[in-house]
2 protein chains.
Amino acid sequence: MRTNELTDNQRKVLDFIQSYVEVNEVSPKLQEIAEAIGITSRGVAHRYVQALVDAGFLETHSGKHRGIRLLPSEPERSATALPFLGKIAAGKPIEAIAGQDEIDLSNFFGANSYAIRVQGESMVEAGIMDGDIVVIEFRETANDGDIVVALIDEEEATLKRFKRSQQGRYIKLIPENSDMEPMVYEAERVRIQGVLIGQLRHY
Amino acid sequence: MRTNELTDNQRKVLDFIQSYVEVNEVSPKLQEIAEAIGITSRGVAHRYVQALVDAGFLETHSGKHRGIRLLPSEPERSATALPFLGKIAAGKPIEAIAGQDEIDLSNFFGANSYAIRVQGESMVEAGIMDGDIVVIEFRETANDGDIVVALIDEEEATLKRFKRSQQGRYIKLIPENSDMEPMVYEAERVRIQGVLIGQLRHY
DNA sequence: TTCATTTGTTCTCATAATGTTCTCATTATA
DNA sequence: TATAATGAGAACATTATGAGAACAAATGAA
């Protein structure tokens, strides 16, 4: 745990290390730290560094030259996690149940995933509205029932539910909208561009 | 993983290789590296190169002459960003348009936001389905038209669209489902627990 | 191709630089 | 006075550095 009770010199050392790293991209050596605060002893500089390690501000690669590393200032909860309050329907006020679980969105951020904004109403009955952002994982193949981004005749890209005919010669692209009809293409005309793995909307 | 704990000479070597490649379009030979940092031993130069390989800055084609390659500095896209491909409807295959824009989800992750899983169908016509996860920003007040988490009689929490009566004595909670009816409560019985700011779904 | 040369790689040995751990003395402060 | 913070510097351990030998692989020329 990080302490706030730094002596003046400890604070000076910390500030110096921070600005040094800012400029030089490597940590200073003890000699340089000593000079920076106006002393000559490497041993004393080492003592200050050690105090900052104990206080939780630094980390050292013991023995290595320039082996000081700054620790991030906050515990910083994982950037892709949200506190998850489960079924709030249970009825308690939110303050009472905070900090229980977490929901992790890192699965949205895989190497092969990308986002596109949906145009049109063809998937409204699947809860995908005009203007929503969908997260797609890039793949060249899909399974029946997947919602895919399909490129037709190398021209038109569209988001639809995917179904292959029994012989595999045709591909049916099914909208989730009772006002619209499924479309059938020869398999050669359709290129899968990815499969829907997530959806985002921001109000 | 790339370390930035390089010794002075390691950094000198790296800088030299970078500028050499910039000019000559091939990597320098060990002899040249040695001269550049003022030493005579190819063996020592090799040791520096190896250190940079270990640190993740270089790659070598072992044995090959001038076989050093610079590794690109990781662009490290923000952990909360996704490549955003805009209207893929334009028709190009995905490979052709990768790496253009980014969509940043950091606004989902504010200090006062949390996530809950939706139960029930009361908001389907707003595109919020049973099982979806909604992101809520904690607030005690809401504006007409906001979708809110409301706690009724300190017991039941529900997600509905919010509307206040003209005198402010009553609050109407409106489902987005034509099969269901709005409900009206005295303002004292309703406690706002937060306002909908986002929605996530994972397939 | 064949061969000489260059270049990369792996060693060992020696030295310098840096980090680490001490003790001792001084100063400030409760 | 007692305690903590500070500074100097010695002594030692570890790491970084430099030279160069010996060998293997790659390269370029005949």
Side-chain angles (χ1 to χ4, degrees), chain A residues 1-21 23-71, chain B residues 1-21 23-71:
Chain A
M1 201 47 210
R2 179 172 298 205
T3 319
N4 283 336
E5 300 164 6
L6 296 184
T7 65
D8 293 352
N9 277 342
Q10 285 168 6
R11 167 66 54 188
K12 265 201 272 183
V13 169
L14 180 58
D15 289 346
F16 171 70
I17 293 174
Q18 283 170 340
S19 59
Y20 190 102
V21 171
V23 174
N24 303 67
E25 296 188 352
V26 290
S27 56
K29 51 185 91 161
L30 292 178
Q31 181 89 45
E32 295 170 321
I33 294 174
E35 288 168 8
I37 62 170
I39 62 177
T40 67
S41 164
R42 280 177 298 152
V44 175
H46 180 266
R47 189 200 289 149
Y48 284 124
V49 169
Q50 204 52 46
L52 291 168
V53 170
D54 293 341
F57 290 87
L58 304 177
E59 202 178 57
T60 54
H61 269 188
S62 189
K64 287 266 202 296
H65 295 191
R66 301 183 181 277
I68 300 172
R69 274 198 304 193
L70 290 162
L71 291 178
Chain B
M1 196 51 203
R2 180 174 296 203
T3 321
N4 43 4
E5 295 170 9
L6 299 183
T7 66
D8 296 353
N9 279 342
Q10 286 167 6
R11 177 148 302 277
K12 267 200 270 182
V13 169
L14 180 59
D15 290 345
F16 171 71
I17 293 174
Q18 283 171 339
S19 60
Y20 190 103
V21 170
V23 174
N24 305 66
E25 298 193 350
V26 288
S27 57
K29 53 183 90 161
L30 292 178
Q31 182 88 45
E32 295 170 321
I33 293 173
E35 287 169 8
I37 63 170
I39 63 177
T40 67
S41 164
R42 280 176 296 148
V44 175
H46 180 266
R47 191 201 287 148
Y48 285 125
V49 170
Q50 202 53 46
L52 291 169
V53 170
D54 293 342
F57 289 88
L58 304 177
E59 202 177 56
T60 54
H61 272 187
S62 189
K64 288 266 201 298
H65 295 188
R66 300 182 181 276
I68 301 172
R69 273 196 309 189
L70 290 162
L71 290 179

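So that the names make sense, note that chain A is the first sequence line, chain B the second, and so on, each numbered from 1.
- In this structure, the side chains of A:F57 and A:I17 stay at 4.5 Å or more apart for every pair of heavy atoms.
- Put simply, CD1 on B:I68 is 7 Å from P on C:dG8, counting in whole angstrom units.
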Enumerate the protein-to-nucleotides 15-20 of chain D contacts in which both atoms are nitrogen or oxygen and the separation is below 3.5 Å.
{"from": "D:dT17", "atom 1": "OP1", "to": "B:T7", "atom 2": "OG1", "distance (Å)": "3.1"}
{"from": "D:dT17", "atom 1": "OP2", "to": "B:T7", "atom 2": "OG1", "distance (Å)": "3.3"}
{"from": "D:dT17", "atom 1": "O5'", "to": "B:Y48", "atom 2": "OH", "distance (Å)": "3.1"}
{"from": "D:dG18", "atom 1": "OP2", "to": "B:N9", "atom 2": "ND2", "distance (Å)": "3.2"}
{"from": "D:dG18", "atom 1": "OP2", "to": "B:Y48", "atom 2": "OH", "distance (Å)": "2.7"}
{"from": "D:dG18", "atom 1": "N7", "to": "B:R47", "atom 2": "NH1", "distance (Å)": "3.2"}
{"from": "D:dG18", "atom 1": "N7", "to": "B:R47", "atom 2": "NH2", "distance (Å)": "3.3"}
{"from": "D:dG18", "atom 1": "O6", "to": "B:R47", "atom 2": "NH2", "distance (Å)": "3.0"}
{"from": "D:dA19", "atom 1": "OP2", "to": "B:T40", "atom 2": "N", "distance (Å)": "2.7"}
{"from": "D:dA19", "atom 1": "OP2", "to": "B:T40", "atom 2": "OG1", "distance (Å)": "3.4"}
{"from": "D:dA19", "atom 1": "N7", "to": "B:S41", "atom 2": "OG", "distance (Å)": "3.4"}
{"from": "D:dG20", "atom 1": "N7", "to": "B:S41", "atom 2": "OG", "distance (Å)": "3.0"}

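- We find that NE2 of A:H46 is positioned 15 Å from C1' of D:dA11, with the value rounded to whole Å.
- Atom CD1 of A:I33 is separated from atom P of C:dG19 by 8 Å (rounded to the nearest Å).
- The backbone N or O of A:E32 sits nowhere less than 3.5 Å from a side-chain atom of A:E35 that would complete a donor-acceptor pair.
- Here the side chain of B:T60 pairs no donor or acceptor atom with the backbone of B:G67 at under 3.5 angstrom.
- Side-chain contact between B:R47 and B:V44 is present, with heavy atoms from C-beta onward closer than 4.5 Å.
- If you measure from atom CG of A:L30 to atom P of C:dT18, you get 10 Å, rounded to the nearest angstrom.
- In this structure, A:Q31 atom CD and C:dT20 atom P are separated by 14 Å, rounded to whole Å.
- No donor-acceptor pair closer than 3.5 Å links the side chain of A:R42 to the backbone N or O of A:Q31.
- In this structure, the CD atom of A:Q50 is 11 Å from the C1' atom of C:dT21, given to the nearest Å.
- Going from atom CD of B:E35 over to atom P of C:dT6 covers 14 Å, rounded to whole Å.
- A:R69 is listed as a side-chain neighbour of A:H61, based on a closest heavy-atom distance under 4.5 Å.
- Taking atom NZ of residue A:K12 and atom P of nucleotide D:dA5, one finds them 16 Å apart after rounding to whole Å.
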